[in-house]
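In what follows, a structure is listed as structure tokens, so that the remarks can point back to it.
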Amino acid sequence: MLLSLNWLKDYLSKQDIKINAKDLAEKLTMRGLAVERISSGTRGLDNVVVGTIEKIEKHPDADRLQVTRVRVSNEPNAESLQIVCGAKNIAEGDIVPVALVGAILPGDLKIKKSKIRGVESSGMLCSGRELEISEDSDGILKLPKHSTIGQPLARLLGSDDVLLEFDLTANRGDCLSVMGLAREICPILKTRLREPKPPRFKNSNHRTSSIVKVEVEDKDMCPRYVARVIDTLKVTESPDWIKQRLKTVGIRPINNIVDITNFVMLEYGQPLHAFDLRRIESGGIKIGRCDKTMEFELLSGERVLLEPGDILIKDGDRPIALAGIMGGANTQIEDDTTSILLESACFDSTQIRKTAKRLNLHTDSSKRFERGIDVEGVNRASERAASLLRDSFEANVYHPPTDTNPEPAKPRSFAVDMRDIRRITGLYNLSPEKATDLLDSIGVPTHKRSTNIFIVKPPSFRNDLEKSIDIVEEVARLIGYDTIPERYPFSTAPFDTYHDPIYEFERKARTLLAQLGLRETIQYSFTSEATLIKYGAHTENLIKLQNPISEEFKVMRPSLLPSLLETYLYNKNRRSEGQRLFEVARSYEKDESNTETGAKETLWAAGLLSGNTLQESWRKNGEKIDFYYGKGLVDILVRQLSTVYLAYENSRDSKLLHPHRSACLKLGLNTVGYVGEVHPYIREQILETHDSVVLFELNLDALRKYERKGVHFKMPSRFPAVDIDIALVCDKSLTSQALIETIKSEGSELLESARVFDIYEGENIPMGKKSVAFHLSFVSKDRTLEENEVTELRDKIVKGLESKYSAQLRA
Amino acid sequence: MIDDIQRIRDEARNKLSSVDDLTELDRLRVQYLGKKGVVTTALKQLKDLTPEQRKEIGAVVNEARDELESRFEMKRLDIKRSDLEKELSRTEPLDVTLPGQYAVPAGSQHPVHRVIDEMVGILRKVGFSIATGPEIETEYYNFEALNTPDSHPARDVQDTFYVQSPVLLRSHTSPVQVRTMKAIDPPVQIVSFGRVYRADYDHTHTPMFHQMEGLLVDEDVSLADLKGVMHYLIRELFGKRAIRFRPSFFPFTEPSAEVDMQWNDGWLEIGGCGMVHPNVLEAAGYNPDRYMGFAFGMGIERIAMLKYGIDDLRSLFENDYRMLEQF
């Protein structure tokens with residue numbers, strides 16, 4: 001909403017009041033009516049100044065362009081600007097409008113420093129049309145010779161108006177009008193509202209109802225409709241003062257009828273519409289909901305598809321207006337229109353909003369209906385427009401009009417308790433008199449019922465005031481939030497009232513991964529099916545968005561790994577090598593067992609490792625990262641986060657991971673994670689790298705059930721340990737884990753640890769066999785072990801391995 | 001005899017001071033402390049004395065021996081050190097300006113999570129607990145229970161991602177407030193945060209971003225408390241600075257305010273807040289006549305951008321390694 005301060009003054013009892021725009025804007029903002037910008041009254045003229053052309057030269061590389069030097073300051077030593085110009089009508093010495101860098105011309109043309117065909121240009125010389133101050137577009141506008149160089153063009157043109165641009169909240173539809181804003185501004189400027197005198201009409205011979213019957217089919221959709229016939233009209237230009245008012249706030253004057261409906265809408269916030277009476281053929285109009293899908297041409301020329309539910313004005317069965325949004329082409333005002341049906345009405349805001357949104361048709365009218373208009377003011381606006389047409393153009397106004405609801409129900413009055421205002425605002429000393437004075441100052445009447453209770457009678461233009469809490473807010477904003485002290489809450493809630501420890505767990509995982517040298521990323525939760533397929537992720541049970549922002553962001557990702565690979569690629573193309581990335585986030589999939597949303601969200605820690613085991617350096621770079629490196633990281637993660645034992649199994653079913661160089665992590669029968677090298681196909685064809693890339697993901701929701709919460713201390717033995725090494729020859733396919741399990745079960749509680757220290761195949765080892773060497777450590781809690789005890793255990797272990805796996809002690 | 005011992009000791013001290021190699025030191029050591037050394041011999045002679053003399057002279061001899069032994073040891077270490085220094089002086093020092101190398105390279109957390117962790121820490125200090133909830137939500141929790149019925153002008157369908165009505169991607173973290181209030185009785189004091197989604201993509205909007213919200217419901221909570229908490233939070237995040245509350249409108253709070261903080265020469269909007277609307281309390285099953293509360297919300301990305309001087313929102317989700325490495 002744009003407010004012209006000159007227009008505003010028409011409705012103030014002190015009309016010659018001096019207004020400090022900046023101060024007013026600040027006060028309005030602090031009252032909840034945010035002023036976004038203050039600009040000079042002629043829109044688009046900020047940063048446009050008067051300049052003089054000092055020099056004109058040809059552009060070195062473009063015949064049609066000229067390079068000018070323009071002085072835009074009266075200071076003797078001021079530097080002139082170099083501006084490239086395409087117009088031919090300029091000469092050295094001309095006084096012209098210059099849009100400086102930073103100006104925003106009408107049509108949202110932003111002036112920036114630029115290079116035009118290689119020549120720097122710091123601004124723009126403007127035509128009258130570009131500035132929307134004249135229709136003349138033949139070249140640069142010439143200003144009078146005596147004009148002061150450097151002064152704002154707006155001042156030269158004698159426009160002393162100031163505009164306030166509001167960013168209003170959804171509850172303040174009443175302020176989408178000069179009158180509504182004036183009501184809020186009066187108490188700030190300490191003046192009173194001065195409404196235009198209600199016009200008087202003589203009863204006419206004919207009534208509107210005798211020419212056009214009005215029938216409201218659905219009262220909920222149209223609580224009030226005022227129709228008025230106006231004839232002996234001539235379509236012509238509006239009076240200058242109306243054109244001026246409209247132009248200042250950026251509305252292009254069209255003709256007297258359209259301009260006056262626009263003027264009254266801006267004045268009172270009541271949208272109006274004028275039908276060409278000739279085109280209403282059935283002798284009546286009906287206001288009701290659309291009952292079938294059909295096409296309709298708006299007066300803008302756009303064809304839209306109407307849908308059941310839309311509110312329509314119909315002539316017989318034929319729609320003639322999309323109620324509250326825009327009229328139809330079939331009844332629009334033409335140059336030869338002489339009689340009109342003037343509509344002033346109130347429509348259901350929810351339905352208007354839905355229709356406007358669906359058709360993406362947000363008009364000045366729909367914006368006001370969506371927020372709700374003053375049902376009591378419907379006829380007043382009709383009368384105002386009629387009187388303007390009558391007084392300026394001698395139009396004949398039919399009176400009284402047809403009004404479907406002349407006395408709409410008054411808003412319900414309600415009680416407000418001062419104690420509520422005090423305890424909610426924290427202003428414990430606020431008196432009822434102060435509160436009611438503030439309300440009165442903006443036209444909200446009250447009367448006292450008891451010491452602490454007063455009754456509020458909300459005026460019809462404030463349809464947002466429905467209950468006590470709304471009045472608390474009004475009082476708080478009028479007295480000023482800055483008067484509310486700062487206090488620190490005292491809560492009776494126990495400190496551990498409610499605590500969802502997933503955050504702690506998640507944070508532990510994030511911290512650990514960062515400590516382990518990985519960089520945390522945050523990836524979008526949505527991706528495309530194509531990306532998922534590209535990286536071999538499964539595509540069953542995907543959750544898809546109905547209204548994605550693009551195909552790229554259409555499905556909720558079922559795994560974090562594809563996005564990590566995308567990030568790897570992004571960085572690889574920027575020559576980042578040796579990436580170590582991770583993300584802790586949720587995956588999404590369909591889950592019918594969730595009756596609320598049908599979705600399941602799972603928290604994962606996922607990562608990507610590439611490059612070498614050591615950071616690239618001037619010395620040595622370690623080895624290529626491989627499965628075991630990734631597994632090492634996952635082991636640390638699992639061990640630090642949980643107390644659970646996870647088994648590693650070969651995972652062959654993945655299209656993303658290498659069939660032989662990857663594993664799934666099993667918690668009992670459930671797979672809770674993966675680690676492995678990326679599938680060679682993806683590495684070669686998609687990632688296009690020789691780098692080995694290792695991925696891992698770990699289901700944190702599953703792991704969290706076994707969260708490591710503390711440490712179970714085990715006293716180290718005071719007696720010396722005995723270490724022995726054994727090497728066994730066994731089948732190549734046997735896992736080290738199988739061997740270690742047997743070693744542990746045979747080794748008794750004296751076996752403290754067993755680890756593999758060498759794997760060997762080749763010379764001296766039969767085909768299909770391998771040698772695995774173990775380092776075993778024995779210790780007792782209560783004595784020093786005898787040599788023969790250890791030898792016996794060792795023999796027992798070897799025997800066990802021999803009988804279970806036919807493993808032979810390597811000679 | 002005592003004089004003899006003193007003399008021997010002084011003599012050994014003198015000789016020791018001029019020794020500068022280990023062979024000479026060894027020779028001296030044998031001369032004084034060896035099996036046939038002067039001191040050892042003196043000790044052996046003790047047995048010929050009377051018990052009184054033995055006691056008196058014995059103490060002197062032993063003391064001299066102990067002193068000489070430690071002097072010899074110190075001298076030995078001195079010579080060792082100076083030999084080594086001589087050797088080192090012949091080698092070149094390292095180029096200490098070359099990059100260091102450690103097995104584990106540095107990792108880091110994303111700026112958005114750094115801010116979340118910091119804010120959670122700040123709010124936990126003053127009694128807020130953590131609550132979480134799903135990102136795939138229903139219209140009921142995202143809108144209706146938050147006093148944003150279908151008819152509400154603030155309900156902007158175009159901004160919300162839908163899976164299939166009524167299932168949607170939460171457009172703010174406020175559904176967590178409702179879920180929490182439904183799960184536990186008042187009083188509550190929680191903070192929630194996480195990913196939220198809105199169908200908007202340009203240089204100041206990404207379709208996914210992060211929010212943090214606080215909620216406190218109790219019997220005596222006012223705008224004054226809200227002001228205190230907001231100011232505390234902003235001071236902790238950005239250092240001492242003025243704030244101001246500007247009246248605003250949100251369906252789920254009333255009165256509502258935008259919070260601005262002092263930034264350079266002006267004011268900068270940093271979050272929205274207000275007193276929980278009675279309809280929201282009612283929807284959660286709380287008695288609005290008895291309980292009241294405040295709620296506040298902030299965009300994490302905006303705070304991260306201000307804190308770290310990031311000027312393009314979208315760069316937060318590009319995961320450029322050169323960006324990640326700076327955290």
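Residue numbers begin at 1 in each chain, while the letters A, B, ... track the order of the sequences. All values derive from a computational prediction rather than experimental measurement.
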Using non-hydrogen atoms and a 4.5 Å limit, figure out which bit of [X] sits close to chain B: side chain, backbone, both or neither.
X        : answer
A/Arg423 : both
A/Tyr428 : side chain
A/Glu601 : side chain
A/Asp348 : neither
A/Glu583 : side chain

Validation row, ring centre B/Phe161 to ring centre A/Phe526 under 6.0 Å: yes
Would a 4.5 Å heavy-atom cut-off, applied to side chains only, mark [X] and [Y] as touching?
X        : Y        : value
A/Arg574 : B/Tyr321 : no
A/Pro485 : B/Lys227 : no
A/Val472 : B/Glu254 : no

Heavy-atom cut-off 4.5 Å, strictly under: side chain, backbone, both or neither for [X] against chain A?
X        : result
B/Phe250 : neither
B/Leu216 : side chain
B/Val221 : backbone
B/Arg246 : both
B/Leu168 : neither
B/Val126 : neither
B/Glu135 : both
B/Asp220 : both
B/Tyr140 : neither
B/His277 : side chain

SB check A/Glu26 B/Arg244 (cutoff 4.0 Å):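 Yes.
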Can you tell which of [options] has the highest number of heavy-atom pairs within less than 4.5 Å of chain B?
options                                : result
A/Tyr588, A/Phe582, A/Phe553, A/Phe490 : A/Tyr588
A/Arg477, A/Arg172, A/Lys544, A/Glu596 : A/Glu596
A/Thr169, A/Asn571, A/Thr613           : A/Asn571

Audit row: B/Arg124, A/Glu504, salt bridge (Lys or Arg N to Asp or Glu O under 4.0 Å) steps and yes/no: CA-CA 12 Å; B/Arg124 275 187 164 182; A/Glu504 281 309 325; 2.6 Å; yes
Parallel, tilted or perpendicular: ring planes of B/Tyr201 versus A/Tyr524, cut at 30 and 60 degrees: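 The rings of B/Tyr201 and A/Tyr524 stand perpendicular, inter-plane angle above 60°.
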For B/Leu324, the option from A/Ile522, A/Leu518, A/Leu581 that meets side chain to side chain contact (heavy atoms under 4.5 Å, CB included): A/Leu581
